Structure formats: structure tokens, C-alpha cells
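Sending over a structure as C-alpha cells; questions will come in a sec.
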Amino acid sequence: MTRRPAADASITLAPNPNRVVVRVGGVIVADTTRAVVMRAPGTPDQQYIPRQDVDMTRLVRTELATHCPYKGDASYWSIRSGPRTVENAVWSYERPYDDMAPIAGYLAFYADRVDAVEEWPPDAA
């Protein structure tokens with residue numbers, strides 16, 4: 001298997017200087033100042049959050065797996081928050097292609113499956 005994308009998708013990665021918080025059921029499941037933002041043509045910006053900044057006790061790995069020709073193979077997790085379970089709401093590229101190495105092991109959340117993905121400038125209280 002090649003460690004490079006099949007084609008250039010004009011995907012860019014950059015450190016996000018803002019604080020990113022993800023909430024489900026009124027509970028914070030991720031809170032970071034170390035997110036990496038992915039930008040790709042035709043899609044909204046996506047925040048990738050270091051695993052250390054995610055409450056992994058609320059995540060349950062699922063059997064779902066997908067493949068992206070530009071990033072590699074993705075694994076998925078569901079989120080438990082009280083009695084609620086949000087299926088396959090989180091994904092990660094454990095071993096992405098070389099060009100996407102900064103997101104290796106980071107987690108991303110489907111914005112339409114969580115209650116909120118909030119982003120605040122560093123000087124916001």
C-alpha cells in the first residue's frame with residue numbers, strides 16, 4: 001500500500017490558534033487548544049483534536065471503517081452521554097498517508113451529530 005494520496009485534493013492542514021470545545025448532551029467531550037484544522041475544497045473546515053484532549057471514557061469504538069483516497073483508512077467511535085448514544089459520531093485516521101501525518105491519531109467529530117463544536121479565540125474567557 002502506498003503511503004501517499006492517490007491524487008492532490010488541495011487539502012491543507014494548519015494548527016488552530018483557537019480553543020475548540022465539543023459538547024454532547026450538555027457534557028464536554030473534547031476541549032483543546034491544540035486542534036489541527038483541515039481545509040478541503042467544497043467542504044466545511046474540520047477540527048482534528050488530540051486524543052489526550054478528548055474524554056475517551058465516553059467513546060466506544062465501532063466496527064465501521066472507511067477509506068479516503070487522500071487521507072487513508074478511518075476508524076470510528078460512538079459517543080455515550082448519559083442515556084444517549086450517538087452512533088459513529090467520531091472518526092480518526094490512525095495511520096494516514098504521509099501528507100496527512102499531522103492528523104495521525106487525532107479525532108474529528110461530525111458537527112451534525114454532536115450538540116456543538118465551539119471555537120473561541122485565545123483571548124476569550
Side-chain angles (χ1 to χ4, degrees):
M1 174 184 216
T2 181
R3 295 296 302 154
R4 297 194 51 85
D8 179 6
S10 301
I11 297 171
T12 63
L13 301 172
N16 186 339
N18 298 321
R19 179 179 177 200
V20 177
V21 176
V22 180
R23 298 177 193 271
V24 176
V27 174
I28 293 175
V29 295
D31 188 347
T32 190
T33 57
R34 302 181 299 155
V36 172
V37 62
M38 178 180 289
R39 294 181 176 93
T43 64
D45 290 356
Q46 182 61 56
Q47 305 298 327
Y48 281 81
I49 298 173
R51 216 170 273 231
Q52 300 90 328
D53 297 339
V54 176
D55 183 354
M56 295 300 292
T57 65
R58 296 194 175 274
L59 303 188
V60 179
R61 193 172 187 131
T62 71
E63 293 184 17
L64 181 62
T66 60
H67 177 78
C68 172
Y70 308 112
K71 294 174 273 202
D73 296 323
S75 303
Y76 289 79
W77 287 260
S78 295
I79 304 170
R80 290 180 307 202
S81 182
R84 180 177 172 198
T85 298
V86 185
E87 299 293 332
N88 296 311
V90 182
W91 75 92
S92 177
Y93 292 92
E94 304 296 308
R95 295 176 52 221
Y97 293 126
D98 292 342
D99 290 346
M100 298 291 119
I103 63 166
Y106 278 44
L107 300 167
F109 293 78
Y110 282 109
D112 62 347
R113 296 185 191 176
V114 299
D115 296 338
V117 177
E118 303 165 346
E119 192 173 350
W120 302 321
D123 58 355

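What you are looking at is a predicted structure, and each value in this text was computed from that prediction instead of being measured.
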Taking the side chain as every heavy atom from C-beta outward, state whether I103 and L13 have any atom pair closer than 4.5 Å.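 Contact flag for I103/L13 side chains = yes.
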Test V114 against V29 for side chain to side chain contact (heavy atoms under 4.5 Å, CB included), laying out the working first. CA-CA 10 Å; V114 299; V29 295; 5.7 Å; no
Is it true that E87 and S78 share a donor-acceptor pair across their side chains at a distance under 3.5 Å?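 There is such a pair (donor and acceptor under 3.5 Å, judged by atom type) between the side chains of S78 and E87.
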Distance check, rounded to the nearest 0.5 Å: Q46 atom CD versus N16 atom CG?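 Taking CD in Q46 and CG in N16, the distance rounds to 11.5 Å.
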R113 side chain to N88 backbone, donor-acceptor under 3.5 Å: yes
So, do P50 and T32 sit near enough that their side-chain heavy atoms are less than 4.5 Å apart? yes
What are the two closest non-hydrogen atoms of S10 and P41, and how far apart are they? O-CD, 3.6 Å
If every non-hydrogen atom of Y106 is compared with every non-hydrogen atom of S92, which pair is closest and at what distance? O-OG, 2.8 Å
L64 and V60: same hydrophobic cluster, using ILVMFWY side-chain contacts below 4.5 Å?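 In one cluster with L64: V60, no.
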Taking all atoms of both residues into account, what is the closest heavy-atom pair of M100 and Y70, and its distance? CG-O, 3.6 Å
Identify the two heavy atoms, one from S81 and one from G25, that lie closest to each other, and give their separation to 0.1 Å. OG-CA, 3.8 Å
Could you grab the distance from atom CG of D99 to atom OG1 of T12, nearest 0.5 Å is fine?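 It is 12.0 Å, given to the nearest 0.5 Å.
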Before accepting this row, confirm whether a basic side-chain N of the pair R34/D53 lies closer than 4.0 Å to the acidic partner's carboxylate O. yes
May I ask you to test the I11-R39 pair for a side-chain heavy-atom distance under 4.5 Å?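 Not touching, per the 4.5 Å side-chain cut-off.
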Any salt bridge between R19 and E119, counting N to O under 4.0 Å?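 No, R19 and E119 are not salt-bridged.
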Identify the residue among I49, V21, V54 that makes a side-chain contact (heavy atoms from CB on, under 4.5 Å) with D31. V21
Check: W91 ring centre within less than 6.0 Å of F109 ring centre: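 No.
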Considering only heavy atoms from C-beta outward, does the side chain of D73 approach that of R95 to under 4.5 Å?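 Side chain of D73 against side chain of R95, heavy atoms only: no contact under 4.5 Å found.
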Is M56 reachable from I79 through a run of hydrophobic residues whose side-chain heavy atoms are each under 4.5 Å from the next?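 Looking at the clustering, M56 is in the same group as I79.
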Please step through side chain to side chain contact (heavy atoms under 4.5 Å, CB included) for the pair R84 and D115, ending with a clear verdict. CA-CA 12 Å; R84 180 177 172 198; D115 296 338; 3.0 Å; yes
Using every non-hydrogen atom in the two residues, find where P17 and P122 come nearest and quote the distance to one decimal. O-CG, 3.3 Å
Apply side-chain hydrogen bond (donor to acceptor under 3.5 Å, both in side chains) to the pair Y76 and T66, showing each step before the final yes or no. CA-CA 9 Å; Y76 289 79; T66 60; 2.8 Å; yes
Check: V22 and I28 side chains under 4.5 Å, non-hydrogen atoms: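 When only atoms from C-beta onward are counted, V22 and I28 do not touch, as no gap falls below 4.5 Å.
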Interatomic distance, CG@L107 vs CG@L59, rounded to 0.5 Å, equals 6.5 Å
Considering all heavy atoms, the nearest Y93-C68 contact: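 Distance-wise, the nearest heavy atoms are OH-CB, 3.6 Å.
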